[in-house]
There are 2 protein chains.
Amino acid sequence: MGISTQDKIKIAARKIFIEKGYSGARTRDIAEEAGINLALVNYYYRSKDTLFKIIMEEKIDELFGTIIPILAKKDTSLIEKIDEVVDKYFDLLLKVPELPLFVINELRQENINSKIVNRLKVIFENKDIVKYLNELNPNLSNYHIMMNFIGIIIFPFISKPIFVSSSIIDQNEFSALIKTQKGIVSQLVKSLALINPQIK
Amino acid sequence: MGISTQDKIKIAARKIFIEKGYSGARTRDIAEEAGINLALVNYYYRSKDTLFKIIMEEKIDELFGTIIPILAKKDTSLIEKIDEVVDKYFDLLLKVPELPLFVINELRQENINSKIVNRLKVIFENKDIVKYLNELNPNLSNYHIMMNFIGIIIFPFISKPIFVSSSIIDQNEFSALIKTQKGIVSQLVKSLALINPQIK
DNA sequence: GTCTATAGGCCGATAGAC
DNA sequence: GTCTATCGGCCTATAGAC
């Protein structure tokens, strides 16, 4: 069984939108990448905008959805949760390193609809998650913990373009760096426990 | 003395490019923001592309140039250097929080020219900087130290869109969070010294 | 230097044949 | 469902008047 035309378009759209962003991507790029006729993009998805919103929603779920079921579990310790989240994120981000930068960058533009906003709110205001994360360091606010927790995990992937597109390192060296980075991240997240915002 | 037309265009271009990225920005937006006639953009800067490259170079210097003179100083301790870098970055990024995301995102596209690449290389391969930073943790490679050092400082600003555009927090709350974040970042950078990539 | 007007090309979207 | 052809609009860039 081959892939349906509709799915070919979606697969191509994922690649092109992530690569070039909404305004940099052309429906012609997507059609070419999918190996189908330009008119079919509109036939199946009505407009570039509709297609983009579908991809965006999917990617937000992929990026933030990973974290919910793990952190909300009731029978694991906080340390186990952290290790599992770091594990899962590195698996995901090694496959799609551009994901965090794509999502964050498009969130900044006004392409957002209320559906996406609500999805984010559900994640960040989930009471179980807030409660468990707070155990990490009671001196810090929920947002600080959340911001630093997520930030420490994803920043190696966000900073990738600095090192790779400037040819300071290449793709292979980046992959090697990331293997060590995983251990660093794991320890760094746990060291959030030691931080006291009162002292300097 | 008023501002020259040429400068008005550059000031407007900074704002528009940072807000919308290269492909999302229109020369019409820039002209309107500058309060001048559309044709003058091309009169003074020949093309959108030329103007963009000027802004980009300026912003890369702003973002990465800050770090060089501080880290290369010979008469300050590593801890003093870290504190000064964190200080300077927070001053800068409180004024232009969108700066890191803008630069990194555009680096990812192919808009780069060799001039910019070279500038990055000069920074990341400066022997003094490499030597001093390595004192922080001899168990880690230069790139790991550099990546984590820069990453820890800038990720609060990069993750801003996640929290702000989803209305989880607003601009004022973000500013308040950032004040505490500065202390966290300072301690987090120093805790890189304790990390051992061997253990898990 | 600054304006108006427009060229020229690209892009999203659709009409209509098969 | 898939194609070709094309429309209409927008965007960068420039020609030419002042």
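Convention: sequence-line order gives letters A, B, ...; per-chain numbering from 1. Below, each value reflects all heavy atoms present in this structure, side chains not excepted, and no hydrogens, waters or symmetry copies.
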Nearest-angstrom distance from the residue atom [atom1] of [X] to [atom2] of [N]:
| X | N | atom1 | atom2 | answer |
| --- | --- | --- | --- | --- |
| B/R46 | D/dA13 | CZ | C1' | 11 Å |
| B/D29 | D/dA13 | CG | P | 14 Å |
| A/N42 | D/dA5 | CG | P | 18 Å |
| A/N37 | C/dG16 | CG | P | 17 Å |
| B/I36 | C/dT4 | CD1 | P | 12 Å |
| B/D49 | D/dC11 | CG | C1' | 15 Å |
| B/K48 | C/dC10 | NZ | P | 15 Å |
| A/F17 | C/dG12 | CZ | C1' | 12 Å |

Fill in the blank from the handout: Ranking A/A39 and B/T27 by the position along DNA chain D of their nearest nucleotide, the one closer to 5' is A/A39
Practice task
Would you indicate what A/R28 reaches in the nucleic acid, counting non-hydrogen atoms under 4.0 angstrom: base, sugar-phosphate, or nothing?
Solution key: base
Handout entry: Sugar-phosphate, base or nothing in reach of A/A25, heavy atoms under 4.0 Å
Key = sugar-phosphate
Exercise for the section: Answer yes or no: is there a side-chain heavy-atom contact under 4.5 Å between B/R108 and A/K160? Expected result: no
Handout entry: Toward the 5' end of DNA chain C, by each residue's nearest nucleotide, A/R26 or A/Y43
Key = A/R26
Problem - A/F157 ring center within less than 6.0 Å of A/F90 ring center - result: yes
Handout entry: Near-ring test A/F52/A/F17, centroid separation under 6.0 angstrom
Key = yes
Problem - Shortest side-chain distance from A/Y44, nucleotide among D/dA13, D/dT2, C/dG1 - result: D/dT2
Practice task
With side chain to side chain contact (heavy atoms under 4.5 Å, CB included) as the test, would you mind laying out the steps for B/D83 and B/D87 before giving the verdict?
Solution key: CA-CA 6 Å; B/D83 284 334; B/D87 254 14; over 6 Å; no
Handout entry: Under-4.0 Å side-chain N/O to phosphate OP1/OP2 contact, B/Y45 with D/dA13
Key = no
Exercise for the section: Would you please confirm or rule out a distance under 4.0 Å between OP1 or OP2 of D/dT2 and any side-chain N or O of A/T5? Expected result: yes
Problem - N/O donor-acceptor pair under 3.5 Å between B/K81 side chain and B/K73 backbone - result: yes
